[in-house]
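Atoms considered below: every heavy atom in the structure, side chains included; atoms not considered: hydrogens, waters and symmetry mates. Position 1 is the first residue of the sequence, and the numbers go up from there.
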Amino acid sequence: QLQLTESGGGLVQPGGSLRLSCAVSGFSLDNYAIGWFRQAPGKEREGVSCIRSVDGSTEYVDSVKGRFTISRDNAKNTVFLQMNSLKPEETAVYYCAAQRGTGDYCSNYVNWEYEYWGQGTQITVSS
């Protein structure tokens, strides 16, 4: 019953923008931190951003700071990732995942600390 479902992926030109959504069910965003991850072709999965449960504070990896914004709408049980000025190397499958608790260390992006994962959505940045 606890599920995460990503949406909003697709093809975008370099420099373009895209907004991803992560709809959650079966749990409250008050109790779980949410992280965004991506896995590019030939690369390991990496953490991108996370948002903590209690205070809603956010974290970003250096490569996306200033371009990506994570946010949430608790009433709609949805977390968003706004991605601006996208680069071809950011072509990847993007996943959202849930970590139980406050999420103080969500930006460590430790895979096993995120118990629940969505199925992923493909982002292709290409002209």
Q: Quick one: do E90 and R38 satisfy side-chain contact (heavy atoms from CB on, under 4.5 Å)? Show the steps, please.
A: CA-CA 8 Å; E90 292 173 318; R38 64 189 177 191; 3.3 Å; yes
Q: Would you indicate whether Y105, at its atom OH, is surrounded by more than 12 heavy atoms from other residues, nucleotides or ligands within a distance under 6.0 Å?
A: no
(Q) List the residues meeting ring pair (Phe, Tyr, Trp, His ring centres under 6.0 Å) with F68, not counting sequence neighbours, and say none if there are none. (A)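 Counting only residues at least two positions away or on another chain, F68 forms no ring pair (Phe, Tyr, Trp, His ring centres under 6.0 Å).
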Q | For F37, all residues meeting ring pair (Phe, Tyr, Trp, His ring centres under 6.0 Å), sequence neighbours excluded | A |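 Partners of F37 under the ring pair (Phe, Tyr, Trp, His ring centres under 6.0 Å) test: Y109, Y114, W117.
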Report yes if some heavy atom in the side chain of [X] is under 4.5 Å from a heavy atom in the side chain of [Y]; otherwise report no.
X: L20; Y: F80; answer: no
X: L29; Y: V79; answer: yes
X: L81; Y: M83; answer: yes
X: Q122; Y: T124; answer: yes

Ignoring hydrogens, what is the shortest heavy-atom contact between [X] and [Y]? Give both atom names and the distance.
X: Q119; Y: T5; answer: OE1-CA, 3.7 Å
X: P14; Y: S126; answer: CD-C, 3.5 Å
X: R52; Y: E59; answer: NH2-OE2, 2.9 Å
X: T121; Y: E6; answer: CG2-CB, 3.9 Å
X: Y116; Y: R100; answer: OH-NH2, 3.8 Å

Q: Would you give the length of the straight line joining atom CD of E46 to atom CG of N111, rounded to the nearest 0.5 angstrom?
A: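 It is 11.0 Å, given to the nearest 0.5 Å.
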Q: State the OG-CD1 distance between S49 and I34, to the nearest 0.5 angstrom.
A: 11.5 Å
Q. Distance under 6.0 Å and angle within 45° of the ring axis: does R45 meet both against Y95?
A. yes
Q: Hey, could you give me each pair passing disulfide (SG to SG under 2.5 Å) that has a residue in residues 1-37? Not counting sequence neighbours.
A: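 Residue pairs passing disulfide (SG to SG under 2.5 Å), neighbours aside: C22-C96.
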Q: Could you list all the disulfide (SG to SG under 2.5 Å) pairs where at least one residue sits in residues 35-83, not counting sequence neighbours?
A: C50-C106
Hey, does the side chain of [X] reach the backbone of [Y] with a donor-acceptor pair shorter than 3.5 angstrom?
X: R67; Y: S85; result: yes
X: T91; Y: V125; result: yes
X: T58; Y: I70; result: no
X: T102; Y: D104; result: no

Q: Answer yes if L2 and V24 sit in the same cluster of Ile, Leu, Val, Met, Phe, Trp and Tyr residues linked by side chain heavy atoms under 4.5 Å apart, and no otherwise.
A: yes
Q | Residue pair S57, I51: steps toward the side-chain contact (heavy atoms from CB on, under 4.5 Å) verdict | A | CA-CA 6 Å; S57 60; I51 184 166; over 6 Å; no
Q.
If the condition is side chain to side chain contact (heavy atoms under 4.5 Å, CB included), which residues does E113 pass it with, not counting sequence neighbours?
A.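 If we apply the side chain to side chain contact (heavy atoms under 4.5 Å, CB included) test to E113, skipping adjacent residues, the hits are Q99, V110.
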Q: Could you go through the side-chain contact (heavy atoms from CB on, under 4.5 Å) check for L4 and F27 one step at a time?
A: CA-CA 10 Å; L4 300 87; F27 64 95; 4.2 Å; yes
Q: May I have the step-by-step check of side-chain contact (heavy atoms from CB on, under 4.5 Å) for E89 and S63, ending in yes or no?
A: CA-CA 11 Å; E89 58 265 36; S63 62; over 6 Å; no
Q) What pairs meet the side chain to side chain donor-acceptor pair (under 3.5 Å) rule with one or both residues in residues 17-27, with sequence neighbours excluded? A) S17-N84
